[in-house]
Amino acid sequence: MVIAMGFEGSANKLGIGIIKDGQVLANPRSTYITPPGHGFLPRDTAKHHQNVIHELIDKCLKESGCTVDEIDVLCYTKGPGMGAPLQSVAIVVRTLAQLWNKPVVAVNHCIAHIEMGKLVTGARNPIVLYVSGGNTQIIAYSAGRYRIFGETIDIAVGNCLDRFARVLKLSNDPSPGYNIEQTNKWQKRVKSWPHFHMLSKEWTFHFQDFIEDRTANWLKTGEYTPEDLCFSLQETIFAMLVETTERAMSNTNSKEVLIVGGVGCNERLQMMMSKMAEERGAILYATDERYCIDNGAMIAQAGTLMFQSGHLTSISQTTVTQRFRTDEVDVDWIK
Amino acid sequence: MAAELVQQGAEARIYFLDYVGFPAVRKERFIKTYRHPQLDERLTKSRVRAEVKAIHCLKTKSALLSKSMPTILGVSNNDIIMTRIENASTFQENILSEITKSNDRVEQLFDQVGVVISEIHKSGLIHGDLTTSNFMIKDDGTIVPIDFGLSSFSSSIEDQAVDLYVLERSLLTLGFDTSHFFAILLARYEKEMGKPGLSIIKKLDEVRARGRKRDMVG
């Protein structure tokens, strides 16, 4: 039996979670929300994490009903993510490990998403669509690694949606993507269909970096309303994601698909993916905002698996890295 | 015309039929219900169109491929009827069956596929979906590229490099190390491309690095 405490702070969410044998005991989270039209900057995000982390640790321990003594291992996000926020959390974990005398496991953020998705949904060997603010990857386990079969070659889908929301000055509360989803729920009918030039390739998808200027122009001329644009952008991007995922499933003969990452809690994306899966005789596994969005429990879960198969990180190695590929980690806990 | 369904892929059904005495195939792109109907219609139409244009392009511009590319017999908004590529199996099937016997034959296949890709690119075409399933290898050794639904016209080295990158990624699904074979393909491709060959290979290195070097933050 392992009780693991996980710390996540790679982007604008600070999450701390405690997991005991696959059971989530506590998983509080604090999100740094910026005003409409603004993204989150590393320095301010780090400041947010530093300001709330002590309070959040207390909250997590209290909710879980665990004492510090009962915790077996501390797990933290090594990367990928923003340097300053990652660093802030790592320093706290390093200090706690020495104060409480606990071992530490450094976790890859992407792998934590996958492992948490598998834990919550019961998926066994799925094709994974990992779609968030910083990452858009199609992943499957093969020969000891989580291999990246496809990814966007310029920006991530979540980043694309975030930038778009910024142009439209949509609220960042709770997240830009959520408000794009809500905005296009208001509209009854698409009057016209803006043509987003996006190429969908078999294994890579490509977003051209035109969103800012072109959107601004459309709005200025009144050619399209914000509702039209939200709807069209979302439909187009999600259709590409589902199509590319389907190709990966068809190529690997997979009957399971798992969506993880912040964009993964979008209900329209889940609906489209589930239709595709149904037509292929496959099953869709998806989670809600508790686990799709960055959280501490996912770090604890991946950390537990790593801890059990002997991955420990010495204090001198408890560093962070902004770039940390999903396929760099030896996944020796899958037999 | 009696048609027999022979394959259902992710986006199209392939039927075999007899077209006034010629063995033919009908490739029907079916409706993807997960897509908004308007978007689905537009994508399907553009893919049928891209496929027709690409086949026509290779038939007229590539000396090597003109004979082996199928002849288009009929087109609608969502399907194409064309002559059948007979006595053939996919590149992937060939790799998987030959790899257990001899490396020489696999090396030869990769080398020849390198030639075919260079022919596509020299014709000003980007395939857009190069995978080991998208080359048919006939019993006489002729290689025929198929599935041009995502193709586009471009001669930019960026697009050509991404085309190669897509193929390299798709090799991952074979489940064994193919880097040695892919290197043979690239060497032959570079040679066949002539002057721009080296810059395309350099660009490919850059494309490969993009995923790894990109900051993974919103």
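Since we're looking at a predicted model, the values are computed, not measured. Chain letters run A, B, ... following the sequence lines, proteins first and then strands; every chain starts at 1.
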Looking only at non-hydrogen atoms, find the nearest pair between [X] and [Y] and report the distance.
X	Y	value
A:Thr236	B:Leu39	CA-CD2, 3.9 Å
B:His36	A:Phe231	CD2-CZ, 3.5 Å
B:Tyr165	A:Glu151	OH-OE2, 3.9 Å

Does atom [atom1] of [X] have more than 12 heavy-atom neighbours from other groups under 6.0 Å away?
X	atom1	result
B:Arg105	CZ	yes
B:Phe181	CZ	yes
B:Lys53	NZ	no
B:Ile31	CD1	no
B:Lys138	NZ	yes
B:His180	NE2	yes

Next on the checklist: Determine whether B:Arg169 and A:Ile148 satisfy the following criterion, side chain to side chain contact (heavy atoms under 4.5 Å, CB included), listing intermediate values before the conclusion.
Outcome noted: CA-CA 9 Å; B:Arg169 274 302 178 84; A:Ile148 303 168; 4.0 Å; yes

Checklist entry - In a check of side-chain contact (heavy atoms from CB on, under 4.5 Å) between B:Lys32 and each of A:Met272, A:Met276, A:Glu246, A:Glu243, which one passes? => result A:Glu246

Next on the checklist: Which atoms of A:Ala239 are under 4.5 Å from chain B, going by heavy atoms: the side chain, the backbone, both sets, or neither?
Outcome noted: both

Checklist entry - In Å and rounded to the nearest 0.5 Å, what is the CZ to OG distance from A:Arg247 to B:Ser133? => result 10.5 Å

Checklist entry - Which distance, rounded to the nearest 0.5 Å, do you find between the CG of A:Leu269 and the OH of B:Tyr34? => result 11.0 Å

Next on the checklist: Which residue is it: A:Glu278, A:Glu279, A:Lys275? I am looking for the one with a side chain to side chain donor-acceptor pair (under 3.5 Å) to B:Thr33.
Outcome noted: A:Glu279

